[in-house]
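Please read the structure below before turning to the comments.
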Amino acid sequence: MNSQTLYYVYDPMCSWCWGFEKTWLQVKQSLPKSITIKYILGGLAPDSKEIMSDEMRQYIQANWLKIQQSIPGTQFNFDFWKHCSPMRSTYPACRAVIAAKNQGLEYELSMLNAIQNAYYLQAKNPSKDLTLIELAHSLNLNIEQFTQDLNSTVTRQQLLDDIALAKSLRITSFPSLLLSSNQGDKPITIDYNNAKLIINQILA
């Protein structure tokens with residue numbers, strides 16, 4: 001039997017990943033159970049306590065507008081830029097997904113969804129541990145364990161391992177899909193508005 005794994009490489013604070021979410025859900029629901037889906041954290045921006053530069057803020061806001069134009073129905077709450085002190089740091093959010101997953105595989109996607117909704121719709125800052133702990137509360141996680149795991153050496157290494165795996169698969173942008181089988185690795189071209197095009201590539 002030909003074993004197949006579909007790697008989804010992403011970052012919880014990647015705005016294009018947020019835009020892809022609805023189409024990605026359609027893709028997942030259409031795939032046979034024989035294909036294993038594995039999420040890999042790509043790690044968009046390393047730890048930093050520095051406030052984001054004006055140039056970077058403008059760049060990301062322009063990106064949000066571009067995504068809204070390119071992917072109809074994608075929503076962003078631009079109040080984030082008024083009420084938060086944004087930092088160019090996504091590693092904390094990545095570690096939060098790992099820390100949540102430690103308490104059950106089902107919490108991996110629950111935390112991902114919680115981070116995306118907090119960031120893009122509720123104008124909260126997932127670069128801050130306090131925000132991530134608040135989200136863990138909302139998911140009824142063991143807060144003591146989550147807080148301990150969030151910045152532990154083991155969690156930090158798991159993130160670095162994910163990033164290294166993404167690089168070994170020659171993934172350079174997020175989101176990315178790659179189908180791995182006995183026949184080798186096959187990059188899947190992403191169409192943000194066409195789930196069928198993606199599904200056909202995977203099943204070909």
Side-chain angles (χ1 to χ4, degrees), residues 7-21 24 38-57 59-61 63-64 67 76-77 80-81 83-105 107-139 141-178:
Y7 291 103
Y8 177 57
V9 188
Y10 75 104
D11 188 291
M13 294 178 68
C14 161
S15 47
W16 284 100
C17 295
W18 169 242
F20 184 51
E21 194 60 28
W24 171 229
K38 182 171 181 179
Y39 286 79
I40 301 176
L41 289 155
L44 191 60
D47 291 307
S48 174
K49 296 297 183 185
E50 290 186 18
I51 301 302
M52 197 181 291
S53 69
D54 288 341
E55 290 80 9
M56 180 59 72
R57 294 187 201 207
Y59 170 79
I60 296 177
Q61 289 180 72
N63 220 25
W64 286 13
I67 291 168
F76 292 97
N77 186 345
F80 174 83
W81 304 100
H83 303 318
C84 293
S85 298
M87 294 170 282
R88 184 62 172 161
S89 180
T90 71
Y91 279 23
C94 291
R95 288 194 294 269
V97 173
I98 295 170
K101 186 180 176 183
N102 286 345
Q103 298 190 36
L105 292 177
Y107 291 116
E108 178 180 27
L109 297 188
S110 297
M111 180 55 78
L112 167 59
N113 293 332
I115 291 169
Q116 288 180 324
N117 279 279
Y119 182 28
Y120 296 115
L121 300 181
Q122 300 165 16
K124 295 181 180 180
N125 192 347
S127 294
K128 294 185 174 182
D129 287 358
L130 284 176
T131 301
L132 299 168
I133 292 168
E134 179 186 322
L135 296 178
H137 266 293
S138 73
L139 298 176
L141 293 174
N142 180 313
I143 297 304
E144 185 177 349
Q145 182 185 339
F146 179 85
T147 304
Q148 182 177 328
D149 289 346
L150 184 56
N151 290 299
S152 72
T153 302
V154 173
T155 300
R156 288 176 181 273
Q157 187 58 52
Q158 283 181 288
L159 174 56
L160 294 177
D161 290 346
D162 264 26
I163 293 170
L165 176 57
K167 289 180 178 177
S168 74
L169 296 172
R170 297 187 177 90
I171 302 297
T172 57
S173 62
F174 315 132
S176 283
L177 290 170
L178 184 136

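Note that the numbering runs from 1 along the sequence shown for the chain.
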How about R95 and D47: do any of their side-chain heavy atoms sit closer than 4.5 Å?
yes
Measuring only between side-chain heavy atoms, which start at C-beta, is L41 closer than 4.5 Å to I163?
no
Under the 3.5 angstrom rule, does the side chain of N117 hit a backbone N or O of N113 as a donor-acceptor pair?
yes
Nearest heavy-atom pair of A45 and Y91: which atoms, and what distance?
O-CD1, 3.0 Å
Y107 side chain reached by L141 side chain, heavy atoms, under 4.5 Å:
yes
Can you tell me which residue among L44, I115, L159, L112 is in a side chain to side chain contact (heavy atoms under 4.5 Å, CB included) with C94?
L159
Heavy-atom side-chain proximity of L177 to W24 below 4.5 angstrom
yes
Looking only at non-hydrogen atoms, find the nearest pair between N63 and S15 and report the distance.
ND2-OG, 3.8 Å
Distance (rounded to the nearest 0.5 Å) between R88 CZ and M56 CE:
5.0 Å
How far does CD1 of I67 sit from OH of Y120, to the nearest 0.5 angstrom?
7.0 Å
Could you walk me through whether M52 and Y59 pass side chain to side chain contact (heavy atoms under 4.5 Å, CB included), step by step?
CA-CA 11 Å; M52 197 181 291; Y59 170 79; over 6 Å; no
So, for A118 and L135, which heavy atoms are closest and what is the spacing to 0.1 Å?
CB-CD2, 3.9 Å
Anything under 30° is parallel, anything over 60° is perpendicular, the rest tilted; go ahead and classify Y39 against Y8.
perpendicular
Could you tell me the separation between the CG atom of D162 and the NZ atom of K167, rounded to the nearest 0.5 Å?
12.5 Å
Is the closest side-chain donor-acceptor distance between D161 and Q157 under 3.5 Å?
yes
Between T155 and D149, do the side chains contain a donor N or O and an acceptor N or O under 3.5 Å apart?
no
Is there a side-chain contact between P12 and T90 (heavy atoms, below 4.5 Å)?
no
Report yes or no: does Q103 contribute a side-chain atom to a donor-acceptor pair with the main-chain N or O of N142 at less than 3.5 Å?
yes
What's the shortest heavy-atom distance between L169 and L178, and which atoms?
O-CD1, 3.8 Å
Taking the side chain as every heavy atom from C-beta outward, state whether D129 and P92 have any pair of such atoms under 4.5 Å apart.
yes
Please find the pair of heavy atoms, one from K124 and one from E134, that lie closest to each other, and give the distance.
NZ-OE2, 2.7 Å
With rounding to the nearest 0.5 angstrom, report the CZ to CD1 distance, F76 to I60.
11.0 Å
Closest heavy-atom pair, C84 versus A123, reported as atoms and distance to 0.1 Å, is SG-O, 3.2 Å
Out of curiosity, E21 CD to Q116 CD, how far, rounded to the nearest 0.5 Å?
5.0 Å
Measuring only between side-chain heavy atoms, which start at C-beta, is R57 closer than 4.5 Å to I51?
yes
What verdict does the side chain to side chain contact (heavy atoms under 4.5 Å, CB included) test give for M13 and S127, after you've listed the backbone C-alpha separation in whole Å, the side-chain angles of each residue and the deciding distance to 0.1 Å?
CA-CA 9 Å; M13 294 178 68; S127 294; 3.5 Å; yes
Taking the six-membered ring where the residue is Trp, are the ring centres of Y119 and W64 under 6.0 Å apart?
yes
So, does T147 use its side chain to make a donor-acceptor pair with the main chain of E144 at under 3.5 Å?
no
Approximate separation, where rounding is to 0.5 Å, of L132 CG and H137 NE2:
12.0 Å
D11 side-chain N/O to G42 backbone N/O, donor-acceptor pair under 3.5 Å:
no
A side-chain contact here means heavy atoms from C-beta on lying under 4.5 Å apart; do N102 and Q158 qualify?
yes
